[in-house]
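First up is the structure itself, then whatever we jot down about it.
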Amino acid sequence: MNHAPRIFDHDALLRHRRRARSDDLFLQQLAVDEVKDRLAMVNRVFRSVAIVTGFPEFWRDCFPEARLVPDSETLDLTLGAHDLVIHAMCLHWANDPVGQIIQCRRALAPDGLFLGVLLGGRTLHELRAVLTDAESRASGGISPRVAPMAEIREAGALLQRAGLTLPVADSHASIAKYRNLAHLMHDLRDMGEANALAGRLRRPTARGLFALAQALYRDEFGTDDGYLPATFELICLTGWSPDDSQPQPLRPGSARTRLADALGTQETKLSD
């Protein structure tokens, strides 16, 4: 039984994705570019690919031979059926990200590759800061408005917890510029990335709050040419399903050469 806390409202997320504009999915395009770059570095031809995605039409155009799997808490994946599973820009909306990766690992054949792309903790840090500041000034409290996202160390740990080997996690940030706060909010909505937190406010927000947040945004982060920068951090996770052919760590005490000999130095004993 899944006891993961319900941080995100999946029904709201699906509604947001249905309203997304297919011509304004630049984060999905960044993810596709990242995936293709990673696959180009792997000396292997993958013949059975599955992609977990909330935007199947977009990813089908980029990987026409792949099997597309809807993003849901229980993934429609077959045990051991794939040599590559890509989790495409959904893990930052997952209530149970470890469970998601475990399901992907089980769908991999031995020595199959898991590749996950998700938004990381630096994403929208500017927006998070000014909304928190504005709301605390206006009402003395804060409400959930920007989704919590994993830092790279936390994201990398998910791979090991899910039982994948040779885990690697890295990230890079892209900066987008917006005319004003409304422009940023509309872009998030058009990409299907608007607020889907289960604890979000269900009543309209006073206009004055956003006006204050925009003023704070310009004061703290505004560019010299009058734009509001917004950070989008993309984390890429790679790991392999276990297989005997993979490099294995040596047992402690099994080394046959002393480190000092390998380094060409004298070994100095420590005094008691």
Side-chain angles (χ1 to χ4, degrees), residues 7-40 42 45-78 81-97 99-101 103-108 112-120 123-124 146-147 149-150 155 171-172 174 176 178 183-198 230 232-238:
I7 300 171
F8 302 109
D9 180 346
H10 202 261
D11 290 337
L13 178 61
L14 292 177
R15 289 195 299 272
H16 295 166
R17 288 173 174 169
R18 285 194 294 267
R19 289 196 291 260
R21 289 175 44 184
S22 60
D23 61 343
D24 195 19
L25 299 177
F26 87 87
L27 289 177
Q28 300 293 322
Q29 187 59 58
L30 286 177
V32 165
D33 294 343
E34 187 72 19
V35 167
K36 289 183 175 180
D37 286 347
R38 298 308 169 114
L39 294 180
V42 178
V45 175
F46 295 100
R47 304 190 183 281
S48 181
V49 180
I51 302 177
V52 179
T53 174
F55 293 94
E57 295 83 4
F58 184 90
W59 285 82
R60 182 180 293 114
D61 290 342
C62 303
F63 295 90
E65 303 300 320
R67 178 171 180 263
L68 301 176
V69 179
D71 170 34
S72 60
E73 291 189 0
T74 302
L75 300 176
D76 183 19
L77 289 167
T78 303
H82 301 283
D83 54 7
L84 171 63
V85 176
I86 300 169
H87 210 300
M89 294 295 284
C90 304
L91 282 171
H92 56 275
W93 289 117
N95 285 312
D96 182 15
Q100 290 281 303
I101 300 175
Q103 292 180 70
C104 293
R105 191 252 302 159
R106 290 173 177 167
L108 287 169
L113 176 63
F114 169 80
L115 203 164
V117 186
L118 65 153
L119 292 177
T123 298
L124 299 175
V146 180
M149 298 177 195
S171 71
H172 69 268
S174 299
Y178 294 93
H183 184 199
L184 169 56
M185 297 292 200
H186 287 149
D187 200 31
L188 293 174
R189 183 189 63 193
D190 290 343
M191 292 188 292
E193 298 286 344
N195 187 358
L197 286 163
F232 295 94
E233 181 188 20
L234 214 61
I235 292 178
C236 185
L237 304 176
T238 57

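No experiment lies behind these values; they were computed from the predicted model shown. Sequence positions, counted from 1, serve as the residue numbers for this chain.
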task: Rounded to the nearest 0.5 Å, what's the gap from CE on Met89 to CG on Leu234? Could you check?
output: 5.5 Å

- request: Quick one: closest heavy-atom pair of Glu73 and Asn95, and the distance?
  value: OE2-ND2, 3.7 Å

task: Verify, without hydrogens or angle tests, whether Asp9 (side chain) and Ala196 (backbone) share a donor-acceptor contact under 3.5 angstrom.
output: no

- prompt: Measuring from Leu197:CG to Trp93:CH2, what's the distance to the nearest 0.5 Å?
  reply: 6.0 Å

- prompt: Taking the side chain as C-beta and beyond, is there a heavy-atom pair between Val52 and Gln103 under 4.5 Å?
  reply: no

- prompt: What's the shortest heavy-atom distance between Glu233 and Ser171, and which atoms?
  reply: OE2-OG, 3.0 Å

task: Check whether any side-chain heavy atom of Phe26 lies under 4.5 Å from a side-chain heavy atom of Asp187, and answer yes or no.
output: yes

- request: Ignoring hydrogens and angles, tell me if any N or O in the side chain of Ser48 forms a donor-acceptor pair with the backbone of Asp83 under 3.5 Å.
  value: no

message: Could you walk me through whether Asp33 and Gln29 satisfy the side-chain hydrogen bond (donor to acceptor under 3.5 Å, both in side chains) test, starting with their C-alpha distance in whole Å, then the side-chain angles of each, then the deciding distance to 0.1 Å, before giving a yes or no?
response: CA-CA 6 Å; Asp33 294 343; Gln29 187 59 58; 3.0 Å; yes

field: Sub-4.5 Å side-chain heavy-atom contact between Val117 and Arg38
entry: no

message: If you define the side chain from C-beta out and look only at heavy atoms, does anything of Met191 sit under 4.5 Å from Phe55?
response: no

- request: Taking the side chain as every heavy atom from C-beta outward, state whether Phe63 and Leu84 have any atom pair closer than 4.5 Å.
  value: no

- request: Any chance you could measure Glu193, atom CD, to Arg17, atom CZ, to the nearest 0.5 Å?
  value: 7.0 Å

- request: Evaluate the criterion side-chain hydrogen bond (donor to acceptor under 3.5 Å, both in side chains) for residue pair Gln100 and His87; output intermediate values, then yes/no.
  value: CA-CA 9 Å; Gln100 290 281 303; His87 210 300; 2.8 Å; yes

message: Walk me through whether Val32 and Phe58 qualify under side-chain contact (heavy atoms from CB on, under 4.5 Å).
response: CA-CA 10 Å; Val32 165; Phe58 184 90; 3.6 Å; yes

query: Do the non-hydrogen side-chain atoms of Leu39 and Leu115 ever get within less than 4.5 Å of each other?
result: yes

task: Side-chain contact test, heavy atoms from C-beta onward, threshold under 4.5 Å: evaluate it for Ile235 versus Leu91 and give yes or no.
output: no

- line: CZ (Phe114) and CG (Leu108) are apart, to the nearest 0.5 Å, by 8.5 Å

task: Starting at CZ of Arg18, measure out to CG of Leu13 and round the result to the nearest 0.5 Å.
output: 10.0 Å

- prompt: Do you know the tightest heavy-atom contact between Asp71 and Gly54?
  reply: CB-N, 4.2 Å

- prompt: Taking the side chain as C-beta and beyond, is there a heavy-atom pair between Leu75 and Cys104 under 4.5 Å?
  reply: yes

- request: Taking all heavy atoms of Leu77 and all of Ala107, pick out the closest pair and write down the distance.
  value: CB-CB, 3.7 Å

field: Closest heavy-atom pair and its distance - Gly192, Ala20
entry: N-CB, 3.7 Å

message: As a quick check of understanding, evaluate side-chain contact (heavy atoms from CB on, under 4.5 Å) for His10 and Leu14, giving each step before the final call.
response: CA-CA 6 Å; His10 202 261; Leu14 292 177; 3.8 Å; yes

Minimum heavy-atom distance between Ala176 and Tyr178, given as atom pair plus value: CB-CE1, 3.7 Å

task: Could you grab the distance from atom OG1 of Thr74 to atom CG of Asp76, nearest 0.5 Å is fine?
output: 10.0 Å

